[in-house]
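Heads up, the thing below is written out as structure tokens.
In what follows, chains are A, B, ... by sequence order, proteins preceding strands, each numbered from 1. Nothing here was measured: the structure is a model prediction, and the numbers come from that model.
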Protein chains: 2
Amino acid sequence: MRHLMIYDMIEAVHRSGSIRKAAEDTNITASALNRRIQTFEDEFGSEIFERLPRGMRLNPAGELLLHHIRQQRQDLARVHSQVADLSGVRRGHVKIACSQALLPYFLPREISRYRAEFPNVTFTVNVRDRIQAEQDLVNFDSDLALVFEPAHMVDFEVLHAVHQPVMALMSTAHPLAGRESLRLRDCMEYDLVLPAPQFGVRVLLDQAAAKLGRKLEPALETDSFDMVRHFAAYGQGIGFQIPVGLNTLARPDMTFVPVSERDVLGGDLYLGHLRGRTLPVAALKFAHQVATALSAARA
Amino acid sequence: MRHLMIYDMIEAVHRSGSIRKAAEDTNITASALNRRIQTFEDEFGSEIFERLPRGMRLNPAGELLLHHIRQQRQDLARVHSQVADLSGVRRGHVKIACSQALLPYFLPREISRYRAEFPNVTFTVNVRDRIQAEQDLVNFDSDLALVFEPAHMVDFEVLHAVHQPVMALMSTAHPLAGRESLRLRDCMEYDLVLPAPQFGVRVLLDQAAAKLGRKLEPALETDSFDMVRHFAAYGQGIGFQIPVGLNTLARPDMTFVPVSERDVLGGDLYLGHLRGRTLPVAALKFAHQVATALSAARA
DNA sequence: GTTGAGTGATGCATTTTTTGCATCACTATA
DNA sequence: TATAGTGATGCAAAAAATGCATCACTCAAC
């Protein structure tokens, strides 16, 4: 798409903040790039960059244009994807922003299942918290977001939602292993290993503890869900996670016990995309597969 | 926007159905145009035109692309409009598809009121029936539609709706002139002048007559609302129209009497745009003005 | 202050791309 | 079977984009 090169150039200047740096990324001379920008501004009818002594910065007009550029590029990708689908071969690239819990089991399984059928579709997966994920959609950095307990949902259009109770995880040797269900106050008798306060599971647990007039004092607090699992597996601590982040078969040395909904209500896992967007076929069909898988997993 | 020239060329070829004809419209040689199309198809990754012995026709991939082109052009117009608004001067072009009833009084008044404040905004007004209006929105041929009793409303996003009772119009000399309200069967004693069957007002009247077990037999049936008004003014016939298509001041020789809602329920006049679209500032603000005017007129 | 390293802008020669002309191969229609 | 329409293409000319060298300017460090 040679005729859209100017858009790449504008984005490059925006990213690097200077024509000279952007020129390197674009494999072009600074003078050529400079004149492309100038010519474009002439045609566009107004400047899109502020000229600062230290470089270039988008002005408000440029910000509006940038959003248009991203949107139109995404829509072109959608067209490409649909055209490929016309000829029976599904092609495309799917960008996903997701909560950490989806990383270890769920997404790898779903992606490889999908790629078994459509090997020409490639994926990008980025870990994003509840706020960043939505921002990613707005900036067209991601096609799909899969988020536990999202924050705003303003620009978020829900494709599918499933309820996720909070599960306690522990070594099979743990005194509480084998119970059908756990009360939160039972857990608090033992060492706790909790995700950092910004994560959805932690927010739910904190709220539940507050309701009991208690405060959770974790033995280990981490921003890595991997760490939570491993510490719970080898130590005597109790970790917490939602079902989609767990896999019974993969961890015979661990037990997963639901925390009673009388204490912790659980939260919702949302699959969605940017409000009003038309997804490329590849992304849309993957979303359907994920939605089906989520429903099946719950049952 | 030189870099979007290729899109104009593609549309030109699509419209004229042949490279040679399109070349004339584009002020370019057929050979140059031909090679631009070929180069584009190479970059795009698939052909977008079928080569027929009699010319070129878009293939399915081309249809998808064409829709993208129109959409992105409209979105660029939106950006331009918003950028102009940034500098305080509102610029832009507003394309309106509307029912015939809006033409004589309502739209001219609103457009000139708007242009008094924003003289740099220009307008296109096209008369479209209830089905065509929605199609216009889908093809990005119109920004706004103002339709009485729309048909599908699938791709139609409603900005505003007002109820419009059906009014009977007649010369002040007509025997029924001066009544506060009319029953449909009273009208049927006299010559009727009705719009053609596809129009909203007619549909409502036909339904009402059917409910009475009668069938309307107009003395004059026409697809021109102008004709309805004039015939009713000079002859002894009774015409029908919705309030927004009438202006008491402009026609002292005519009387407008509401038809009882016990017979004819009236219909709704909808203002809207293509579902999911972001309108240019010029169009959006005009829509607000129209919405306000419609509400005020009803009161 | 002075200096130096960074910025964007610009004149000019060179390279690349686009265009126009002439012509070919093909196909319906009369 | 002639004819008038279609798209495709080789080649030279025109136009556009690029690269190099350099200017004018700002800001931070000395």
Quickly work out the A:I19 CD1 to D:dC25 P distance and round it to whole Å. 18 Å
Checking B:R91 now: which residues fulfil salt bridge (charged side-chain N to carboxylate O under 4.0 Å, His left out) with it, not counting sequence neighbours? none
From NE2 of A:H3 over to P of D:dA17, roughly how many Å is that when rounded to an integer? 15 Å
Strictly under 4.0 angstrom, non-hydrogen atoms only: write out the protein contact profile of nucleotides 16-23 of chain C, one letter per nucleotide from the 5' end, B, S or -. -SSSBB--
For B:N34 and D:dG10, give me the distance from atom CG to atom C1', rounded to whole Å. 13 Å
Only counting residues at least two apart or in another chain, list the ones meeting ring pair (Phe, Tyr, Trp, His ring centres under 6.0 Å) with A:F118. A:Y114
B:F49 atom CZ is separated from D:dT6 atom P, nearest whole Å, by 15 Å
Provide, to the nearest angstrom, the distance between the NZ atom belonging to B:K21 and the P atom belonging to D:dA4. 16 Å
Round to a whole Å and report the spacing from CZ of B:R54 to C1' of D:dT3. 11 Å
Phosphate-side-chain proximity, B:R51 and D:dA8, N/O vs OP1/OP2 below 4.0 Å: yes
Once salt bridge (charged side-chain N to carboxylate O under 4.0 Å, His left out) is applied, do any residues pair with B:R90, and if so which ones, sequence neighbours excluded? B:D85
Test: ring-ring contact (aromatic ring centres under 6.0 Å, His included). Region: residues 50-70 of chain B. Which pairs qualify, not counting sequence neighbours? B:H67-B:F140
Please list, chain by chain and in numerical order, all residues satisfying ring pair (Phe, Tyr, Trp, His ring centres under 6.0 Å) with B:Y7, sequence neighbours excluded. A:H3
From CZ of B:R57 across to C1' of D:dG7 the rounded distance in Å is 16 Å
Taking only the side-chain nitrogens and oxygens of B:Q38, find out if one of them lies under 4.0 Å from OP1 or OP2 of D:dT9. yes
Between atom CE in B:M5 and atom P in D:dA17, what is the gap in whole Å? 10 Å
Would you call B:D206-B:R202 a salt bridge at under 4.0 Å N-O? yes
